[in-house]
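As structure tokens, the structure follows; a few thoughts come after it.
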Amino acid sequence: MKELTEAQQKAKALLYEPAYASDKDAAVKQAAAAFSEGYKDFLTRCKTEREVAVYAEAALKAAGYQLYDDRKQYAPGEKVYWIHEGKAVLCGTIGSRSMEDGFHLVIAHIDAPRLDIRPNPLYEAAHFSLLKTHYYGGIRKYQWGTMPLAIHGVFTRADGSTVTVQVGEDAGDPVFCITDLLPHLGAEQNKRELSDGIKGEELNILIGSEAVADEEVKEKVKLQTMILLNEKYGITEKDFTRAELEVVPASPARDIGFDRSMVGGYGQDDRVDAYAALMAEIEVKDPAFTTICVLADKEEIGSYGITGMGSTYTFDWLRQLCRMQGADDIRAFRASLCLSADVTAAYDPTWSSAFEPQNGTYAGRGVAFFKYTGSRGKSGANDASAEQMGYLTRMMDAAGVAWQIGELGRIDLGGGGTVATEVAHSGIAVVDIGVPVLSMHSPFEVVSKNDLYMAYRAFSTFIAAKQ
Ligand code: MN
Ligand code: MN
């Protein structure tokens, strides 16, 4: 070993240089690759919040979780779960310490930007059947044209029954699409602002082109489509008015790169953190603090609604847990700590001007902490305290979890928020953390396998903490 000069020793001791830590560790790479196999399967199978809830319930049951009963007292080590309205998941493991010592929560969200089918969607034009959509969450509309799309969701029928729809995922399924102009006739469209490249009213889904053979019928193509839908799902056109149908990219999650070091796929914001959080929760055994994992809905549209974190269901559940243990919920909330697990933008060298390099978060550098999010002077941010950041980062260092810290992008360029504000509003301290994503909110998002694995390790470490 070459001896270090005094200045070199000082540099090592005093300067902080974020690194691609996991890159140098073959064991980490191997573990991350193995962990990602389960993740890709999850991502491919779960393209809506309802599908995540179904997946999670099966996984929780298989791991010995009991359906939560609010009249029952649970013993330390017991595992309970509850599916809220079919679209949000609550689960946890009872700790050995009093709940007044606080909960250790990890909260991620399982809704993702997409195109929802409108209440009166079906129409016929130029011998095509089409569905009108209304986009959900922040999408760049031009990204959704000319790609294979699937339709997932539910119809509630006139007789009160519900039927599940999922078309476009199996190899033998048809898919759907949004059409765009050919370049030869694109001169006018080319002059539009990028945000208007394809407008909201142009996000129409092509679903058929055959007609019934009866010249007397007015909308022959639309009727032919309805006949097929009626045969398959037992629905009439009126049932669209009470349906919940989501249009999502039709392809499976895939490895990216010759080295297979990344995962590409739809809905990784925030299912990448949701999967890591769920796996960490399922694996925790006999924790000191009661652990709580919440996979919430509606984050992408502001956490409103009965399944969003703006609703009281999570905090009501925590209060009920306290009540059955004879613990004071206000004390419990004050002592609790929550990781708001949500993705952030990965620094993109092709779009580097959108970032501040020194405070970017980089794919491959580990799970990313965020002291604050928000926009224009931290507006809307939770802004965690130095003490909480210290507690968590020291814990991660001690456990060998690769982490980084930064901001979303350049100051005043934009910004964003997370469910951290809702958690803080309930009186629970919260810190933002998550996996950096390239092409966030696009139909094909990219994450580093090492970062996914480090998110899982971070959540595992946090919920297993003794102090
Ligand atoms: Mn998110
Ligand atoms: Mn998002």
Is it the case that the side chain of [X] and the backbone of [Y] share a donor-acceptor pair, with hydrogens and angles ignored and the cut-off at 3.5 Å?
X: Gln404; Y: Tyr362; result: yes
X: Lys449; Y: Arg260; result: yes
X: Tyr135; Y: Pro113; result: no
X: Glu445; Y: Gln268; result: yes

Does any part of the side chain of [Y], heavy atoms only, come nearer than 4.5 Å to the side chain of [X], both counted from C-beta?
X: Asn382; Y: Phe370; result: no
X: Met279; Y: Phe35; result: yes
X: Ile282; Y: Tyr65; result: yes
X: Thr361; Y: Phe369; result: no

| request: With Tyr372 as reference, evaluate Asp383, Val431, Asp432 under the side chain to side chain contact (heavy atoms under 4.5 Å, CB included) test and give the passing residue. | output: Asp383

Below 30° counts as parallel, above 60° as perpendicular, anything between as tilted: where do the rings of [X] and [Y] land?
X: Phe42; Y: Tyr275; value: tilted
X: His84; Y: Trp82; value: perpendicular
X: Trp144; Y: Tyr266; value: perpendicular

| Between Asp239 and Tyr233: side-chain donor-acceptor atoms closer than 3.5 Å | no

| field | Among Asp269, Asp273, Asp297, the one residue meeting side chain to side chain donor-acceptor pair (under 3.5 Å) with His109 | value | Asp269

